[in-house]
2 protein chains.
Amino acid sequence: MDKRKRILESALKLFVEFGFHATPTSKIAKEAGIANGTLFYFFPTKDDLVIALYLDIKSQMMANAALEIENKTTLKEVLKDYYSASLNWAIKHKTKFRFIEQFTNSPYLNKIAEEEIQAHIQPIYKLLKQGIKNRVIQKLDIDMIFAMLSGHTFSINQYIITKDFSKNKQAKVIDDTFELLWKMLT
Amino acid sequence: MDKRKRILESALKLFVEFGFHATPTSKIAKEAGIANGTLFYFFPTKDDLVIALYLDIKSQMMANAALEIENKTTLKEVLKDYYSASLNWAIKHKTKFRFIEQFTNSPYLNKIAEEEIQAHIQPIYKLLKQGIKNRVIQKLDIDMIFAMLSGHTFSINQYIITKDFSKNKQAKVIDDTFELLWKMLT
DNA sequence: GTCTATACACCGATAGAC
DNA sequence: GTCTATCGGTGTATAGAC
């Protein structure tokens, strides 16, 4: 039940394994256990499906990170929680992370409105700006700082995923790498 | 003349704009100014073309970075030259960089032998290992350090590309971000 | 809403002349 | 080596019954 959801789940799995175009809608329908035509009842075109999946996962990521920002005092604490939350989410939802990765580095990204992308990263921008103003983060171009933050997060995530660490070790790596990042930015 | 080269160039341009699968071989041939069948004389299948293009660009990247390693004294100097060389190459060859980006984050990557990938990154690994041994770089897992190095390089590159800086400003950003990276790793 | 059946466009790859 | 012509397979999307 909830066939829409089943379609999204099957599409996610197959897209990550074979890529967007190498995955026919017929296979997605089969994997979801529904008829071919039913897919087009929920998503008028294949592109609509791909984009809906992207927006769906992106909003899950945001919801996850937003929760963690509450009730923290220092900027370092807030940023660290944001960092851990992002990494832990990605570790827990590897396939979703891989999809975002693939989507972001494909021409599909151009089909998403710029504002849509901006909305997702705005909370961190605010945090960083505040940090610069309070002289705890280095006075550098905000986009540059953001680039370093996201680049770091992204690559550490890939590092953790490939290594298959224990939960404890994972937590330690997240701690250690955050300290390194913090050292660089302050 | 050299139709093989023309095919690779046209493929590069179209792949980056539309993606691998959304680019038919017929369009590549048309863009290259050759007949449809001629493409398959040089590349038996479309996959062969994609992979040949990847290997071609990768070897260009390696040749570029290798030149810069010679005749340097300290590790910091060597690493900085490697860093600058990589970034300057990517800035100069945006389309090629975008292709590598797209390819690396696609299921195509699985079609490349692991050794092939390893060969490309080995020189940096050697450098980093030496740095750890000599106690100039922090004693951390080498893969973790490599992840931070490449993640940093990658994201700073995207930052520079989106900004459209002057040559001078570009050089300054490269300098500054390397110092930050160095600060983090040592 | 969901299914089956199918239209029809398109693309990768081949055949064969030159 | 390079071209033209074309085939066979496949994939998106629709039509229409239930």
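No experiment lies behind these values; they were computed from the predicted model shown. To find a chain, count down the sequence lines: A is the first, B the second, and so on, and within it residues start at 1.
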Distance flag, aromatic centroids of A/Phe97 and A/Phe154, threshold under 6.0 Å:
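Yes, they do, as the ring centres are separated by less than 6.0 Å.
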Figure out the CG/C1' separation between A/Asn36 and C/dA7, and round it to whole Å.
13 Å
Check: residues 20-28 of chain A side-chain donor-acceptor pairs under 3.5 Å, at least two apart:
from, atom 1, to, atom 2, distance (Å)
A/Thr23, OG1, A/Leu14, O, 3.3
A/Thr23, OG1, A/Gly19, O, 2.7

Check DNA chain C against residues 39-55 of chain B and give the residues with a non-hydrogen atom under 4.0 Å, in numerical order.
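B/Phe40, B/Thr45, B/Lys46, in order of number.
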Qualifying salt bridge (charged side-chain N to carboxylate O under 4.0 Å, His left out) pairs with a residue from [range], counting only residues at least two apart or across chains:
| range | value |
| --- | --- |
| residues 90-115 of chain A | A/Asp47-A/Lys111 |
| residues 133-150 of chain B | A/Lys163-B/Asp141, A/Lys163-B/Asp143 |
| residues 2-22 of chain B | B/Lys13-B/Glu31 |

Taking side chain to side chain donor-acceptor pair (under 3.5 Å) as the test, write out the residues that go with [X], two or more places apart.
| X | result |
| --- | --- |
| B/Tyr54 | none |
| B/Trp89 | B/His93 |
| A/Thr45 | A/Asp48 |
| A/Lys183 | none |

Going by heavy atoms closer than 4.0 Å, what residues in residues 13-30 of chain A are next to DNA chain D?
A/Thr23, A/Pro24, A/Thr25
Can you list the residues that meet the salt bridge (Lys or Arg N to Asp or Glu O under 4.0 Å) rule with B/Lys129, with sequence neighbours excluded?
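Applying salt bridge (Lys or Arg N to Asp or Glu O under 4.0 Å) to B/Lys129 gives none.
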What is the first contacted nucleotide of DNA chain D and what is the last, in 5' to 3' order, if contact means an atom lying under 4.0 angstrom from a heavy atom of chain A?
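Both ends considered, the range comes out as D/dG11 to D/dT14.
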